[in-house]
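What follows is a set of notes on a single structure, which appears directly below.
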Amino acid sequence: MKFRPRPVGNEWIWQLREDDSTLSPRLRAPSSRRCAARCFSSVRVIAIAALASCLILTGCRPALAQAGTNAPAGGALPRPAVLAQAHSAPTAPIAPAPPDQPIGLPRVRDYEPTPELRDIYFDFGTAVIRPGDGRILDANAAWLRANPGQLVLIEGHCDNRGAASTKNEFNMDLGERRAQAAMNHLVAQGVHPSRITILSYGEERPHCTEDSERCWSQNRRSHFLVKPR
């Protein structure tokens, strides 16, 4: 059997001789160009599909990675965060400061004189303790140290002399300084100041009422009274 090639366009057709009727009239052999075109088309389809898969996987990977990071251990789904405002403990209302209480005079009737504590006397217009009266104060301090359960009240007194316009104010101040001088001496001798109270009467409670030097000298004094704690 013999074939003869015959060019048809860009292809070669192998055709039997016309006198051979036992075979099909034309056999077309596939060309290498057509095979290459088909192969390239298949490769392009595969490449497009692969590119699309890559884009899908690339876009999903951050979301999957984030979900994997936020997921707690054990595979449990994270619970939504709940914000709550902290309530501070109620504070007790602050009571207003009480008004200043008036400082009252000590209750003199609670104090009583005792013969163990002697009075001391002063010169006219002064609050200086004389040497003899200093020894009296030393004896008073010794008795108070020996009797710690007793409190003492020191009264400061003056005579009724002085300028009429300022006499009362001056004598009140002078009586306070005389009581303070006696207190300072007792404290220096070891008597605790918390046990001592001082009070000035000025000229209002004279021990002697005559207008004489003898009475005036008896009114310029510091008087001692005591009471138990």
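Since we're looking at a predicted model, the values are computed, not measured. Just so you know, these numbers use all the heavy atoms, side chains as well, and skip hydrogens, waters and symmetry mates.
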Study note, to complete from the structure: Only one of Ile154, Leu144, Thr114, Ile136 passes side-chain contact (heavy atoms from CB on, under 4.5 Å) with Phe224, and that residue is Ile154
Practice item. Flag the pair Glu112 and Lys227 as a salt bridge only when some basic side-chain nitrogen lies within less than 4.0 angstrom of an acidic carboxylate oxygen. Key: no
Review point. Does a sphere of radius 6.0 Å around CZ in Arg118 hold more than 12 heavy atoms from other residues, nucleotides or ligands, not counting ones at 6.0 Å or beyond?
Key: no
Point to revise | Approximate separation, where rounding is to 0.5 Å, of Met183 CE and Leu137 CG | key: 13.0 Å
Practice item. Answer whether the closest heavy-atom distance between the side chains of Arg195 and Gln150 falls below 4.5 Å. Key: yes
Check your understanding: How about Asp133 and Phe122: do any of their side-chain heavy atoms sit closer than 4.5 Å?
Key -> no
**Study point:** Close side-chain approach of Arg220 and Cys158, heavy atoms under 4.5 Å
**Key:** no
Review point. Is Asn219 reaching over with its side chain to a backbone N or O of His157, donor-acceptor style, under 3.5 angstrom?
Key: no
Practice item. Starting at CZ of Arg130, measure out to CZ of Arg135 and round the result to the nearest 0.5 Å. Key: 11.0 Å
Point to revise | Quiz item: cation-pi between Arg161 and Phe124, 6.0 Å / 45° | key: yes
Review point. Going by heavy atoms in the side chains, are Val191 and Ile196 under 4.5 Å from each other?
Key: yes
Check your understanding: Which pairs, with at least one residue in residues 172-183 and sequence neighbours excluded, count as a side-chain hydrogen bond (donor to acceptor under 3.5 Å, both in side chains)?
Key -> Asp173-Arg177, Gln180-Asn184
**Study point:** From CG (Asp159) to OG (Ser217), nearest 0.5 Å
**Key:** 9.0 Å
Exercise for review: Taking ring pair (Phe, Tyr, Trp, His ring centres under 6.0 Å) as the test, write out the residues that go with Tyr121, two or more places apart.
Suggested key: none
Check your understanding: Counting N and O atoms only, with roles assigned by atom type, does the side chain of Ser222 sit under 3.5 Å from a partner on the main chain of Ala182, one being a donor and the other an acceptor?
Key -> no
Point to revise | Straight-line distance of Leu117 CG to Leu153 CG, nearest 0.5 Å | key: 11.0 Å
Check your understanding: Any chain of hydrophobic side-chain contacts (each under 4.5 Å) joining Val226 to Ile120?
Key -> yes
**Study point:** Atom pair NE2 (His223) and OH (Tyr111), whose distance is rounded to the nearest 0.5 Å
**Key:** 13.0 Å
Check your understanding: Under the ring-ring contact (aromatic ring centres under 6.0 Å, His included) rule, what pairs show up with a residue in residues 168-194, not counting sequence neighbours?
Key -> none
Practice item. For residues Asn160 and Trp216, determine if any side-chain heavy atom of one lies less than 4.5 Å from a side-chain heavy atom of the other. Key: yes
Study note, to complete from the structure: In this structure, CE of Met172 is separated from NZ of Lys167 (nearest 0.5 Å) by 13.5 Å
